[in-house]
Structure formats: structure tokens, C-alpha cells
Amino acid sequence: MKDFKRYTITSALPYANGPVHIGHLAGVYIPSDIYARYLRGKGKDVLFVGGSDEHGVPITIKAKNEGVTPQDIVDRYHGIIKKSFEALGISFDVYSRTTSETHHKTAGNFFKKLYEEGKLIEKSTEQYYDEEAQQFLADRYIIGTCPHCNNEEAYGDQCESCGTSLSPMDLKNPKSTLSGNLPIRKKTKHWYLPLDQHEDFLKQWILEENKDWKPNVYGQCKSWLDSGLHPRAVSRDLSWGVPVPIDGAEGKVLYVWFDAPIGYISNTIEWAEKEGKDWEPYWKDKDTKLVHFIGKDNIVFHCIIFPAMLRAHGEYILPDNVPGNEFLNLENDKISTSRNWAVWLHEYLVDFPEKQDVLRYVLAANMPEAKDNDFTWKDFQARNNNELVAILGNFVNRSAVLTQKYYNGTVPVLGELSDYDKNAIAELASIKGKVEKSLETFRFREALKEAMSLARLGNKYLADAEPWKLAKTDAARVETILNIALQITANLTIVFEPFMPFTTAKLRKILNVSAYNWEQLGGMDLIPSGHTIATPFLIFDKIEDAEIEAQMNKLMESKKLNATANAKSNPAKEEITFDDFVKMDIRTGTILEAEKVPKTKKLLKLLVDTGVDKRTVVSGIAESYKPEDIIGKKVSILINLAPRKIKGIESQGMILMAENESGELGFVACEKDFGSGSEVR
RNA sequence: GCCGAGGUAGCUCAGCUGGUUAGAGCGCAGGAUUCAUAAUCCUGAGGUCGGCAGUUCAAGCCUGCCUCUCGGUACCA
């Protein structure tokens, strides 16, 4: 394995439109922190970078909904996030933000360099613009007639019927899907990163040279690369973001996917300025190992797009590994910010004061490394009570209490070793290599288990050696046994340091020692005989059922609130006139037939009796209803909507559906049994 | 639909390029023990490795089909 001079470790930038929850922690921040702490313990030159991602449309929407500025939103969440990370002991060397001056400068310059060197495609084109919706239309928001096969429902980027790739201007009779109007041509200029030009390189680099990446990451990359890469716009018409730094680009900002990862570099620069260091080696020296910790939603950006950007720039190194984790569920349900189904870090820290390490431990032990995992409060309690309290806490307490009891807290001498002692010592020595191997291959759960096995070894050693029995008969033997027990305890402070830094600090307090370095792990001479340890105290407390119930109740409250749905409903749409309303002809109807549209996930083809006639409607409800269950259902149907071809089937109308927060659909129907054809108004 | 990752003991997960009676932790049962937050230590029960077919002397691991979960993507008048 290559010996690197320094390590640059990044953790995905949390998006500053909400606080951080356990899913973020288990996926990204706990593993990256463990890795960073481990490497520092080995004396490596480590830079651990974090920061908030503060641009993008969702933040502007949230701000609008709350009647505040985007800056207000990001200030609020950046503050909460930063503080809670600190409290959990996530040991960032720098945690900054993408609204910083440094970042705007860095991201702007990055763009400028690519621009000036011709690494970007500039397209000053006439694009379709919807005057009613007042925006430029993305390819997919335009439909029209395919010039090749005359399919009238071709999209701006592709015709589904003949499969040809198109551009919006190719279409005959273009229509905006937002308003249905004829879009006008309006001039706009944008810049694109030609990912296709980097495709061969990326294929070689990832598929051939990085076969050791995690299967989920590698597979996802392969999937993207196999389907072909296309130029991707790096700018857009928006006011919130990093302004495009060239003349004539007013009203345009960098797309957030382009600016956010540069944040890692900006934050490094900020750190270096503060520390009086040179930032460049951390990003440009071949002897630097760059590692991106991310969740699976970020794989394509960190494995394909960002590397393509770095390579286009030319001065930067590429990541050595991108350990992407899967997702963490909570009590068998997807974690969701909008449904408030989450354990929020800032709330946990209040509900469980001084228990940062319990959360760190449980999340590390249950990390979704290979597949999605489930966090349950019951498991949280069990791991605390059965593992932290019973195995680790108990062993430390036993050895410290015995030392107090027999020797008044003075470490006894190590005498002659029995074969049994030698075995235990050999086992102790073997743990270092195992933990290292696991950590260096990003197998954090395994590493933690190995660390825990040291505490198990300690318990077993004491149980077998039984010093409390020998105390009256063989004083010298007891001295040796307790010396070994204390050396094991001292080793625990080293091996657990990456995982549970608050606990190891407590352990050192009990042992009355200062910090060791990682290379001392496995040693039998960590505490000299004659050294005096402190009065022991308990490092973990049992968590009672009541505390767990309280957390469960909190979650149930969220569930109830969601059910009553007075949660956050979308704001009302623009006012319309009565005349606008009566244009719609809505009728009560009855579903006569229903079948799934082949090769789709959501679409059902329905035959509906409208009273007026029987007609075919294609409806996107297959995820909420099975075809056989809805035959005979009363519905409301809009019958004077212009027909539209969907997947080759002409849909003549639209079934009215109510949709809740989680996307579930329900029919809207008359409460009295009126039969088909009654008008709805 | 297409692409990717998963489906291994009650629970959470290991299982390297196919090779003897499939492993760990927790939980459970029985026993030992008392220095310790009734904590610990030992022993044991418990699995047709998602299903079906195939390749092979040999398959949890390879191939084909099917099925379930998660993610990406298409579609959702």
C-alpha cells in the first residue's frame, strides 16, 4: 500500500435548509470522523474538511414560504449544524460555508479558469421561454412533433417513439408543458461541462484503476458510465448563488452541483489562511490521499462529475477512494425531514446530555455500509446497556475498583507471567493490526467490534484469573493480574479514541494518564507500576425504559401530526376568476376497467364511465392502487381536458386525486351515490 | 420498464479468487461466579444461505429465470 504524505478527508456538505439527523451522521460524519481521528492518532498529516452547502433552489423556496431571505435560512441552519457537530465531537479542522467570501472567490475563479481555457462549452442560444411561467424551459418541459417519425408527443431531448435524441429546436409545433402555450424564442447564454469528453478517461480511471471501491459505489458509477455521459449545464438563471464571473452573465449563477464540491477547496483555503499554512499540497500533491465520505445519493457527483471538473481544471488530484454509505432508516420507516421522521442531532444532545458517545457508538455499530439499515430506540438502549455499560464500562470499573481496594490506587508491579497471561497479552497485541486493517478498508463496524473485543478480553481475563480469590493466598500473583488488567484498560483508551473520544477522555481521567498515540496500542508498558490512579467513577449509565418510551412517544407525535395533515401545506395558488373555473367540466364517474400500462411503474390505463360516454384515461396512480381493487370506484373526472398521448395511449381526461405529504394518492369522489355524469362545481 | 446494490440464525451483520460438520455480536436456555452499574465467564439450542432450474467431482459464492427491499432513471393531463 502506498505511503501517503498527507490525507485530505472531506465529508459531504450538509444542505443548510434543515438540521442534521442520525441518517447524515451514520452515513457520513461518524465514519469520516473515525477515519480522521484514527489517522491523526497515527501521527499523519490530516485535514478534515466540512461545511454547509447554502445555495440552490430549495433554500430560496423555503425562504419565500417563510417570508425571510435565503441568507436568513442558511444563517439559521448553518449555526445549528455547526454547533451540533462540535458538540458531538466531529473533529473538523474547518467547518465553513459556501456563502463565504472565500468560496465565492474560489468557485468563481475555478469557473473562470475552465472558461478561459476553453474547457467549457458556451452556448449562446435561443432557448424556449414560457412567457406565462416567466422562465426558460428545460428540454423536458417542451413537447412537440418529432421531425423523424412525426410523433406528436416528442420531448425536447428525446422522442420516445423512435428513440432519436433531439434538441428542443428540432421539434415542430413546440408547446410548453408548464402552460400549454407556444413558447417564444429568447436568447440566453449558458456554459456546459462536456462530461462526454471525459468519459473515456473516467471509464479507465474508475472501472479499471479503482476496482477496490465499495461495490455499491463502483456499481453505481458503472451504471452511469455505461449509459453515456452528456454535457451538463454549470450555470442557470437565478439570483441566489455564486455569480458567473464574466461579462454579460448578469442574473446567472453557478449551478449548485458545480459550486458545492468546490466548497471543500474553499474551506481548505480558509483553514490554511487562518493556520498560516499552504493549502495547495492538500489538493494538488500526488502524495496526498483524498477521500470523500458521502451518502449514496451523492455518488455520481463525487465519483464522476467532481473528478471531471478537477481534471478539466488540471492542477488537482483525484480522490483515492469515495466510501459511500447507504441510508439509515428509523424504526422501520424512511427518515424524512418534511414528515419530521428523524432523530435530530441538536435535539438528541439536549435529551441525552453527556451521551454523545452512546450515539456515536450505536451509529458506528449499525452503520449502513453495504445496505440500508434500521435504527431503533430499542436497539439503542440494548447496545448501551448490554455493550457499553456491561462490557466496556464494567470492565474498566472492575479493574479500577480492584486496584483501589487492594493497592489504594497504586499500580502494582508486573511479576512473572503465566502461560495464561502470555496468551492474553498476545491477543491484546493482535488487535491493533485487525482494527487498522478494518479502518483502512472503511469497514467501521468491523473495526468497532474488534475494539470491543478488547474489553471482552479484559472481562474474560479477570473472570478466569480470579484475583479476588487469590488475594489471601498469593499476593504476588494478584499484583501481576491487576497490572495486566490496567494495561488492558490503558489500551482501551487508545483503541476507542477514534470512535468514542469523550469516553476515552474519561478513561484517561480514571487512570490519571495523558493521551497516548495510536502506535502504542498493544503495549504492556503504558502505565508504570507505582503510578497512582484516580478514584473510579462510572463512564456509562444504564438507559431506562422510560427514556426510550419518551423518544418513541416523540416519534408517534410526529406521525399523528402528519396524519392530521395540518402540517405544512403548500401555499395557495394565484387567484383565478370564476370564468376560469367554470371552463372546467368535471363529472362524477365510475371506473369500469383498469390495467397496468406495461413498462411503467406508476401508470394505470382506465376505462371510465363519465355519464356522457365511456373513455380511456391514463392515470399515474399505480403506486397507490392495484387495478383489481378500483373497478367500480366512484371518481371525479375532468372531461374537457385536451387529450394527450401517454406511452402510446391516448388519455382523454384526468381523474381528480388528492395527494398527501408522502405522495400517497386518494380518489376525490362525491359522498352521495349519484351515479355517473353529475356535474361537479 | 431499464440500470445499480441488497435478500445468510429471533434481531443486526461477516463469509477472501466456488472446496471439509456456514460464522460473530445481541436476544434465548442451562451452568459457574461475586471484584463489578444483578454486571461478568462458560456451555448449548437455533439456519432447506429469497425461490426454481442449470454448470461443476464440489455452490451461500458461477449461469438463467422468478420474487421482495432500497437507490438512480423514464413515466405520473
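Residue numbering restarts at 1 for every chain, and letters A, B, ... go by the order of the sequence lines.
Taking the side chain of K405(A) as heavy atoms from C-beta on, and the options rC70(B), rG15(B), rC35(B), the nearest nucleotide is rC35(B). For A370(A), the side-chain atoms get nearest to rA14(B) when compared with the rest of rU40(B), rA77(B), rA14(B). Distance from the side chain of K469(A) is smallest for rU33(B) among the nucleotides rA14(B), rA74(B), rU33(B). For S651(A), counting side-chain heavy atoms from C-beta on, the closest listed nucleotide (rA77(B), rA39(B), rC41(B)) is rA77(B). In this structure, of rA5(B), rG1(B), rC41(B), it is rA5(B) that holds the atom nearest to the side chain of N216(A). The E446(A) side chain lies nearest to rA14(B) when the options are rG71(B), rA77(B), rA14(B). Here rC76(B) is the nucleotide among rA74(B), rA39(B), rC76(B) with the atom lying nearest to any side-chain atom of L603(A). Residue R398(A) has its side chain nearest to rC35(B) when only rA77(B), rA14(B), rC35(B) are considered.
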Check nucleotides 25-32 of chain B against the protein and report each pair of N or O atoms closer than 3.5 Å, with its distance, or say if there are none.
{"from": "rG25(B)", "atom 1": "O3'", "to": "R456(A)", "atom 2": "NH1", "distance (Å)": "3.3"}
{"from": "rG25(B)", "atom 1": "O3'", "to": "R456(A)", "atom 2": "NH2", "distance (Å)": "3.3"}
{"from": "rC26(B)", "atom 1": "OP1", "to": "R456(A)", "atom 2": "NH1", "distance (Å)": "3.2"}
{"from": "rC26(B)", "atom 1": "O3'", "to": "N386(A)", "atom 2": "ND2", "distance (Å)": "3.3"}
{"from": "rG27(B)", "atom 1": "OP1", "to": "N386(A)", "atom 2": "OD1", "distance (Å)": "3.4"}
{"from": "rG27(B)", "atom 1": "OP1", "to": "N386(A)", "atom 2": "ND2", "distance (Å)": "3.0"}

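Using cut-offs of 30° and 60° on the angle between ring planes, the pair F442(A) and F444(A) is tilted. Y420(A) and Y461(A) have parallel rings, their planes meeting at less than 30° on a 0 to 90° scale where 60° marks the start of perpendicular.
Nucleotide rA39(B) forms a pair with no other nucleotide shown, judged by Watson-Crick or G-U wobble geometry with both contacts under 3.5 Å. With a cut-off of 3.5 Å on both Watson-Crick or G-U wobble distances, the partner of rA58(B) is given as none. As the counterpart of rA9(B), no nucleotide is assigned, since no Watson-Crick or G-U wobble pattern has both distances under 3.5 Å. Pairing for rG71(B) is with rC3(B), a Watson-Crick or G-U wobble pair whose two hydrogen-bonding atom distances lie under 3.5 Å. Nucleotide rC52(B): paired with rG64(B) (Watson-Crick or G-U wobble, both distances less than 3.5 Å). Using Watson-Crick or G-U wobble geometry with both donor-acceptor distances under 3.5 Å, rG44(B) finds its partner in rC28(B).
Taking the ring centroids of F380(A) and F352(A), they lie under the 6.0 Å cut-off. Between Y625(A) and F667(A), the ring centre distance stays below 6.0 Å.
Rounding to whole angstrom units, CH2 of residue W468(A) and P of rA39(B) are separated by 16 Å. Separating the CG atom of N325(A) from the P atom of rG6(B) is a distance of 13 Å, rounded to the nearest angstrom. Across the protein-nucleic acid pair, K542(A) atom NZ and rU40(B) atom C1' stand 13 Å apart, rounded to whole Å. Rounded to an integer number of Å, the gap from K211(A) NZ to rU17(B) C1' is 13 Å. Regarding N384(A), its CG atom lies at a distance of 16 Å from the P atom of rU37(B), rounded to whole Å. Rounded to an integer number of Å, the gap from CD of E659(A) to C1' of rA77(B) is 14 Å. One interatomic measurement links the two molecules: NZ of K371(A) to P of rU69(B), which rounds to 15 Å at whole-angstrom precision. The distance between atom CD1 of I649(A) and atom C1' of rG1(B), rounded to the nearest whole Å, is 13 Å.
Across all strands, K602(A) comes closer than 4.0 Å to base atoms (heavy-atom distances). Residue N397(A) is classed as a sugar-phosphate contact, given heavy-atom separations below 4.0 Å to backbone atoms only. At the heavy-atom level, A400(A) lies nowhere under 4.0 Å from the strands shown. Contact annotation for Y406(A): no contact, since no heavy-atom pair falls under 4.0 Å across all strands. Using a 4.0 Å heavy-atom criterion, one finds that S227(A) contacts no nucleic acid atom at all. Residue contacts shown for K222(A) are absent, as no nucleic acid heavy atom lies under 4.0 Å away. V401(A) comes within 4.0 angstrom of sugar-phosphate atoms only, judged by non-hydrogen atoms across all strands, and of no base.
Between K334(A) and F540(A), it is F540(A) whose nearest contact on RNA chain B lies nearer the 5' terminus. The residue among I539(A) and N459(A) whose nearest nucleotide of RNA chain B lies closer to the 5′ end is I539(A).
The pair D357(A)-K355(A) does not meet the salt-bridge criterion, since no charged nitrogen lies less than 4.0 angstrom from a carboxylate oxygen. The residues R477(A) and D421(A) are annotated as salt-bridged, a charged nitrogen and a carboxylate oxygen being separated by less than 4.0 angstrom. Here R681(A) pairs with E679(A) in a salt bridge; the nearest charged N to carboxylate O distance falls below 4.0 Å. A salt bridge links E326(A) and K296(A); the closest N-O separation between the charged side-chain nitrogens and carboxylate oxygens is under 4.0 Å.
Under 3.5 Å, the side chain of K601(A) and the base of rU73(B) form at least one donor-acceptor pair of N or O atoms.
Atom CG of residue N298(A) and atom SG of residue C303(A) lie 9.5 Å apart, to the nearest 0.5 angstrom.
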